[in-house]
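So the structure is just underneath, and the comments pick up after that.
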Amino acid sequence: MTNWNEIIKSIFPVGSPTTCVWTDHKEIIEVLNKIGSFANTNHMFYPKGGGLDLKGSSTSFEANCIEIKTSFNEVISPISLTFNSFENDDENDWAYFRIDLNEISQTDVYNYDANFQEELTELEPLYYVGREHWDEGEFNDEKLPETARLVIRRLKGALVIFGKLSSYNKHSRTYDGRHNNYDGSEFRDYIQSVINKGWDR
């Protein structure tokens, strides 16, 4: 059994459903922590392209938000977390999780449209300044406090998480954020089409 399969079986011990949706943030955090429980097992794809491994999740100081841990501390506001699996896919090669996000307002740190994400230095909970202060290691000519963190706020879109060894992750073009061009049911249909017919791009 692969670690990806083991993770899915730990979430669904009596058998994985075709689809399962969580909307409660505490439950979403619990599931994300299970997904991140094995190193180098999953890969999470971002709405504007690229991706990182998910390591875990926790509560956030921001209202209606949670944090996800990758190589960074990331703040998101989930609408839902959805699991999808497919018939005749016993190894869960194509099984994935999708996080649809509420749109959250940009901070007033930058005077330009950050679009999908803001990279910020958090000096203390909810006190954000520019990313450059993290790189410089100081703010107002003083060393950053021990409470300081680099934080990425994901402002909108959707994230998807596949197994690290999955066919989706092995197909390099999926790094283009294509999942964000579909809503949840449309993306499931897209994956089913790929399973049936192969990649078109």
Side-chain angles (χ1 to χ4, degrees), residues 1-58 66-71 74 76-102 116 154 156-201:
M1 182 188 301
T2 65
N3 285 344
W4 183 242
N5 250 340
E6 190 170 343
I7 287 168
I8 291 172
K9 288 185 180 298
S10 73
I11 297 170
F12 305 108
V14 298
S16 59
T18 301
T19 303
C20 183
V21 181
W22 298 270
T23 57
D24 180 83
H25 282 191
K26 290 183 179 179
E27 293 178 353
I28 290 173
I29 289 170
E30 184 176 350
V31 174
L32 293 180
N33 279 328
K34 285 183 179 290
I35 296 170
S37 62
F38 286 88
N40 300 314
T41 298
N42 71 81
H43 203 65
M44 182 169 63
F45 296 80
Y46 293 115
K48 288 299 287 182
L52 291 169
D53 292 358
L54 174 71
K55 298 178 180 179
S57 182
S58 62
I66 67 172
E67 289 196 12
I68 53 176
K69 182 69 175 178
T70 58
S71 301
E74 306 193 25
I76 63 172
S77 177
I79 298 170
S80 61
L81 170 66
T82 304
F83 170 76
N84 286 276
S85 67
F86 300 88
E87 291 184 3
N88 303 315
D89 183 25
D90 295 337
E91 293 303 312
N92 287 308
D93 179 47
W94 293 99
Y96 68 93
F97 296 82
R98 178 183 173 109
I99 310 172
D100 285 294
L101 303 180
N102 288 302
F116 278 85
R154 301 281 172 189
K156 59 183 177 181
L159 312 168
V160 291
I161 308 166
F162 281 82
K164 195 69 171 286
L165 301 178
S166 68
S167 296
Y168 191 87
N169 190 44
K170 290 178 180 177
H171 188 67
S172 61
R173 293 184 183 178
T174 56
Y175 253 50
D176 61 5
R178 62 186 60 192
H179 66 275
N180 200 58
N181 297 325
Y182 305 93
D183 66 23
S185 61
E186 290 171 343
F187 184 67
R188 179 185 171 85
D189 289 345
Y190 169 72
I191 294 298
Q192 185 67 69
S193 176
V194 173
I195 294 171
N196 294 341
K197 302 176 183 178
W199 298 102
D200 57 352
R201 59 185 175 89

>> Tell me whether the count of non-hydrogen atoms from other residues, nucleotides or ligands lying under 6.0 Å of CD in E87 goes above 12.
In response: no
In Å, rounded to the nearest 0.5 Å, how long is the span from [atom1] of [X] to [atom2] of [Y]?
X    : Y    : atom1 : atom2 : result
S193 : D200 : OG    : CG    : 7.0 Å
S167 : E91  : OG    : CD    : 11.5 Å
S85  : D93  : OG    : CG    : 12.5 Å
K164 : K170 : NZ    : NZ    : 12.0 Å
D53  : N40  : CG    : CG    : 5.5 Å
I161 : T41  : CD1   : OG1   : 12.0 Å

> Could you walk me through whether F97 and V31 pass the side-chain contact (heavy atoms from CB on, under 4.5 Å) check?
Replying inline: CA-CA 10 Å; F97 296 82; V31 174; 4.1 Å; yes
Donor-acceptor under 3.5 Å ([X] side chain, [Y] main chain):
X    : Y   : value
N92  : N5  : no
S58  : I29 : no
N42  : L54 : yes
R188 : T19 : no

>> Could you walk me through whether F83 and I11 satisfy the side-chain contact (heavy atoms from CB on, under 4.5 Å) test, starting with their C-alpha distance in whole Å, then the side-chain angles of each, then the deciding distance to 0.1 Å, before giving a yes or no?
In response: CA-CA 10 Å; F83 170 76; I11 297 170; over 6 Å; no
>> Going by salt bridge (Lys or Arg N to Asp or Glu O under 4.0 Å), name the residues that satisfy it together with D89, two or more places apart in sequence or in a different chain.
In response: none
> Out of D176, T174, N180, which residue meets the side chain to side chain donor-acceptor pair (under 3.5 Å) rule with R178?
Replying inline: D176
>> Test: ring-ring contact (aromatic ring centres under 6.0 Å, His included). Region: residues 17-38. Which pairs qualify, not counting sequence neighbours?
In response: F12-W22
>> Set out, in order, the CA-CA distance, both residues' side-chain angles and the distance that settles side-chain contact (heavy atoms from CB on, under 4.5 Å) for N84 and I191, then state yes or no.
In response: CA-CA 10 Å; N84 286 276; I191 294 298; over 6 Å; no
> Do you know the tightest heavy-atom contact between F86 and W94?
Replying inline: CE1-O, 3.4 Å
> So, for G163 and S166, which heavy atoms are closest and what is the spacing to 0.1 Å?
Replying inline: O-OG, 2.7 Å
[X] side chain near [Y] side chain, heavy-atom distance below 4.5 Å:
X    : Y    : result
S185 : D183 : yes
L159 : P47  : yes
N169 : F45  : yes
L52  : M44  : no
S57  : I68  : yes
F116 : Y46  : no
K156 : L101 : no

>> Going by ring pair (Phe, Tyr, Trp, His ring centres under 6.0 Å), name the residues that satisfy it together with Y182, two or more places apart in sequence or in a different chain.
In response: Y190
> Would you call the rings of F162 and F187 parallel, tilted or perpendicular, where under 30° means parallel and over 60° means perpendicular?
Replying inline: perpendicular
>> If you apply the rule salt bridge (charged side-chain N to carboxylate O under 4.0 Å, His left out), what do you find for K26 with D24, and how did you get there?
In response: CA-CA 6 Å; K26 290 183 179 179; D24 180 83; over 6 Å; no
